[in-house]
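Reminder, nothing fancy here: chain letters follow the sequence lines and each chain counts from 1.
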Amino acid sequence: MTLIIKKFVEEANNLAENQGLEHLRKILEENAPELLERKIKEKREGLPELKNAIQGKVVLRFAPNPNGPLSFGHSRGIVINSEYAKRYGGKWILRFDDTDTVRKPPLPSAYNSIQEEVEWLTGKPPDKIIIASDRIETYYKYASELISKGGAYICTLSAEEFREFRQSKSNSPDRDRSPQENLMLWEKMLNGEFQPGEAVVRIKTDMTLPNPALRDWPALRIQDTKNNPHPRESIKSKYIVWPLLDFQSGIEDYLQGVTHIIRGKDLMDSTRKQTLLYEHFGWKYPETVYWGRVKIHEFGGFSTSGMRNDIKEGKYSGWDDPRLPTIASMQRRGFSPEALRNFWIELALTQKDISASMETIYSHNVKIIDHTSPRLFFVKKPLTLKLIDGLEKIPSVFKTLVHPEDESLGYRTWKLSTEEMNVIIEEEDLELANKNNNKIRLKDFADIQIKENTASIISLKPNEKLPIIHWLDSKNSHDATLEISTENRIELISGKLENSLRLEKNELTQLERIGYAKVENDSKLIFLHD
RNA sequence: GCUCGAUUGGUGUAGUCCGGCCCAUCAUCUCGCCCUUUCGAGGCGAGGACCCGGGUUCGAAUCCCGGAUCGAGCACCA
C-alpha cells in the first residue's frame, strides 16, 4: 500500500520538477478541482487572538504598583490590555497593587497621575479602578476561609529557617497544626501579637514539588505600619497583616471575573502559585499569556524607585524630565499616544526578550504628526548677512506654505523692506555655500551670492541648481532656544525663530531641516526627534 | 544547582498547533532612484534571516531526539 502511494507521489513530484507546478495544477483542475480549494491561511495582523475569548465577555486587568508615575514599560500593559478589551468588546480594570508599605511605598500622587496617563494613552478612562489597600478585609476573609479548610497555615519559622525546609523538600513543623489552632494564631496575627517576620500565612501545596518556588508559598505577612504607615490617609496604620502579590492578585482576579491575564514572563511562577490557590477553592484559573522583557536601546536601566531617588536628589527636574523613560516625559516631549499604541501593537506579544530602538517609535510618531505639524524656520548659530545688492527686486511680502502638502493650513508671511534687509542663516550653511562659489538658495525667496558679511540677490527665481537652506529676516524673527536632550544631558541651543506663526503651548511644529519640536512658549522649543 | 521559558535578516514580527501554495510575511533600518524650493513627508526598487547537530519523510522553519545560547523564578517585593 505505502509502496503504491510512494510511487504516485514520486510521479507527481517528478511532474512538478520537469513541467512545473502549473502543469500539476492543470491536471488537478481537470480531475479533482475540489482539491485546489485550499483554506488560505489568514495573515494575522497586530495582536494575536486570545485563547477562549468570547465577544463581550472578556475581562482584563493591568496592575501597576503606584510607587511612581507610569514608565514607558508600563505603557505596554496598558496599551495591550485596552486594545484587547476594545477588540473583544470586553472591559479592563486598572488595579493599584499597593500592598508593600515598606520596600515599595506608594506615592500618593501616583494614584491620580496614573489614571490621567492611562486616559491620555488610551483616550478614555479604564472600565474600573480597584485599589488593593481598600480591599484588605476582603482578602482576610478568603484567608480565614482557606485556613479553616486546612488549605493554609500559620508558619512561625523565619524566612531563613523556612528556606532550609524548602531546599530539603521537608515539611515545616507548623504544617500539621489543626485548622482550629491555625485560626487562633491567625487571630493573634491580626491582633498584633506577632512582630514582622514572626508569622506568615502559607498556602499548603506540596513540599516535594519540583519547582522550589511553589513549595508552601507565603500568602500574607506582617508589616510594621506604625513606622511605615501606608501613605493613603484612609489606610495609614490600619492594618498590620498584608497580603502578598500572589495571594492578593489571585483573589482579586477571581472576584472581578478576570478571564485573561497578560503579564510579564517573570510572573510565570505567580501563575503556577495562583493555580494551586485556585485549586484549593475549586476555581478555574484565567487564560494567561506572557510577554518578555523589553529594552529600549536609548534608555538605560531605570527603576521606578531609582528614578524617585534621583529626582529627590535633584539629578532630574521631575518625573517629566526629558531624559527619563516615563510617560510623563514622553507626553511633555510631544509623542502622540497613537504612536505609542502602534509601537506596542507592532511589537506584539511574544515571550522573547526584545531590544527595540527609539527610532522605531520616532518613525511611528512621524507618521502621525507630520501631516498636521506647521513648518517653521529656526536658525541655529545665527549669522547675519547684510543685503547690499538687489534690494529693488524684493517683494513687499514674503509668503510660504504653513505645510507643504496642505494648502488649507494657510501661509506664513512677513513684510519685507526694500530699503534695508538683513538675512540670517546658519553658520553651518555658510560651508554649503562655500562649496558652490558662495552661492546658495534661500528657500522660497532668492538665490544669493555671499561675500564676507554681505549678500547680493542674484535672482528671485532659481537661476541654477543650488542647495536650498532655511533662513530668516532680522526684522521678522526673535531669539529662541531649542532644548535637545540626549541620554544623559540637556543641551540648550540658542537661535532665531520666525515671528509669523504664534503657536500655542504644547503645539507641535516641524523646524525645517532640523526636526520636530514642541512649543513650550514663544521663545522656547523642546526638540522631539528628526 | 534546581525549576520554567524563549531562539526566523541589524532590530521587531508573520508562519510553527494541523509538514508541501515558504527559494519564508510585514514594519523598521541601510542603500539607490522618483517626487518635492526642508536633510521632512510621500512613491518605487534593492539589501539582509529559519541557533547547531542528528533523525523521520518523496518533502522540515514547521514533527522527534540531542546540544548550544539567552532570559526569568527559586523574597515575609510588585
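Nucleic acid contact class of A:S357 (heavy atoms, under 4.0 Å, all strands): none. Among the atoms of the strands shown, none is found under 4.0 Å from any heavy atom of A:V102. Nucleic acid contact class of A:L245 (heavy atoms, under 4.0 Å, all strands): base. Using a 4.0 Å heavy-atom cutoff across all strands shown, A:D97 reaches sugar-phosphate atoms only and no base atom. Residue A:S158 is classed as a base contact, given a heavy-atom separation below 4.0 Å to a base. At a threshold of 4.0 angstrom between heavy atoms, the contacts of A:Y516 are confined to the sugar-phosphate backbone, with no base atom among them.
Put simply, CZ on A:R441 is 10 Å from P on B:U37, counting in whole angstrom units. Atom pair A:I345:CD1 and B:U13:P shows a separation of 15 Å (rounding to whole Å applied). Residue A:I80 contributes atom CD1, which lies 11 Å from atom P of B:U13 at whole-angstrom precision. Separating the CG atom of A:N463 from the C1' atom of B:U37 is a distance of 14 Å, rounded to the nearest angstrom. B:A41 atom P lies 12 Å from atom CG of A:N365, rounded to whole Å. Protein atom CD of A:E498 is 15 Å distant from nucleotide atom P of B:U38, rounded to whole Å. As a whole-Å value, the separation of A:D246 CG from B:C77 P is 11 Å. Between A:D224 atom CG and B:C77 atom P the separation is 13 Å, expressed in whole Å.
Remark: the separation of the C1' atoms in B:A14 and B:U38 is 36 Å, to the nearest Å. The C1' atoms of B:C76 and B:U13 are separated by 41 Å, rounded to the nearest whole Å. Across B:C50 and B:G32, the matching C1' atoms stand 28 Å from one another, rounded to whole Å. Rounded to a whole angstrom, the distance from the P atom of B:G5 to that of B:G9 is 23 Å. Taking atom P in both B:C26 and B:A46, the straight-line distance is 11 Å, to the nearest Å. A distance of about 26 Å separates the P atoms of B:A27 and B:C17, rounded to the whole Å.
The one candidate from A:L466, A:N463, A:I448, A:I469 that meets the side-chain contact (heavy atoms from CB on, under 4.5 Å) condition with A:R441 is A:L466.
Of the listed nucleotides (B:C76, B:U13, B:U38), B:C76 has the atom at the smallest distance from the side chain of A:R103. In the set B:A72, B:A14, B:C76, B:A14 carries the atom at the smallest distance from any side-chain atom of A:T350. Out of B:A78, B:G71, B:U13, the shortest distance to the side chain of A:D266 is found at B:A78. Among B:A72, B:G42, B:A78, the nucleotide with an atom closest to any side-chain atom of A:R293 is B:A72. Distances were taken from every side-chain heavy atom of A:E359 (C-beta onward) to each of B:G73, B:C29, B:C77; the shortest belongs to B:C29.
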Can you give me the N/O atom pairs linking the protein to nucleotides 3-9 of chain B at distances under 3.5 Å, or say none if there are none?
from, atom 1, to, atom 2, distance (Å)
B:U3, O2', A:N211, ND2, 3.2
B:C4, O3', A:R272, NH2, 3.4
B:C4, O2', A:R272, NH1, 3.1
B:C4, O2', A:R272, NH2, 2.1
B:G5, O2', A:Q351, OE1, 2.4
B:U8, OP2, A:K352, NZ, 2.4

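Remark: A:R232 is not positioned above the aromatic ring of A:F96, lacking an NZ or CZ atom under 6.0 angstrom from the ring centre and at most 45 degrees off the axis. Both the sub-6.0 Å distance and the 45° axial angle are satisfied by A:R412 relative to the ring of A:F377.
In this model, the phosphate group of B:U37 is not approached by any side-chain N or O of A:K465 to a distance below 4.0 Å at OP1 or OP2. Between A:R215 and the phosphate of B:A75, there is no side-chain N or O to OP1/OP2 separation shorter than 4.0 Å. Of the side-chain N and O atoms in A:R163, one or more sit less than 4.0 angstrom from OP1 or OP2 of B:A75.
For A:Q510 and B:U38, a side-chain-to-base donor-acceptor distance below 3.5 Å is present, hydrogens and geometry of angles not being considered.
Between A:D246 and A:R272, no side-chain nitrogen of the basic residue sits less than 4.0 Å from a carboxylate oxygen of the acidic one, so the salt-bridge criterion is not met.
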Give the intermediate values and the outcome of side chain to side chain donor-acceptor pair (under 3.5 Å) for residues A:R375 and A:T400. CA-CA 10 Å; A:R375 269 48 175 176; A:T400 187; over 6 Å; no
With side chain to side chain donor-acceptor pair (under 3.5 Å) as the criterion, how do A:Y111 and A:D98 come out once you've worked through the C-alpha distance, each side chain's angles and the decisive distance to 0.1 Å? CA-CA 10 Å; A:Y111 293 85; A:D98 56 347; 2.5 Å; yes
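A:H470 has its side chain within reach of A:I514: a pair of non-hydrogen atoms, C-beta onward, lies under 4.5 Å apart.
Stem regions annotated for RNA chain B: B:1-7 with B:68-74, B:10-12 with B:26-28, B:29-34 with B:42-47, B:51-55 with B:63-67, counting only runs of 3 or more consecutive pairs of Watson-Crick or G-U type with both contacts under 3.5 Å.
Place A:A63 and A:H371 on RNA chain B by their nearest nucleotides, and A:H371 ends up nearer the 5' end. The residue among A:L511 and A:T360 whose nearest nucleotide of RNA chain B is located toward the 5' end is A:T360.
Checked against a 6.0 Å centroid threshold, the rings of A:F247 and A:Y139 do not count as neighbours. Separation of the A:W217 and A:F162 ring centroids does not fall under the 6.0 Å cut-off.
Distance alone, capped at 3.5 Å, is enough to place a donor-acceptor pair between the A:E298 side chain and the A:M358 backbone. A:E427 places no side-chain N or O within 3.5 Å of a backbone atom of A:L383 that could act as its donor or acceptor partner.
By the 30° and 60° cut-offs, the orientation of the rings of A:H364 relative to A:F343 is perpendicular.
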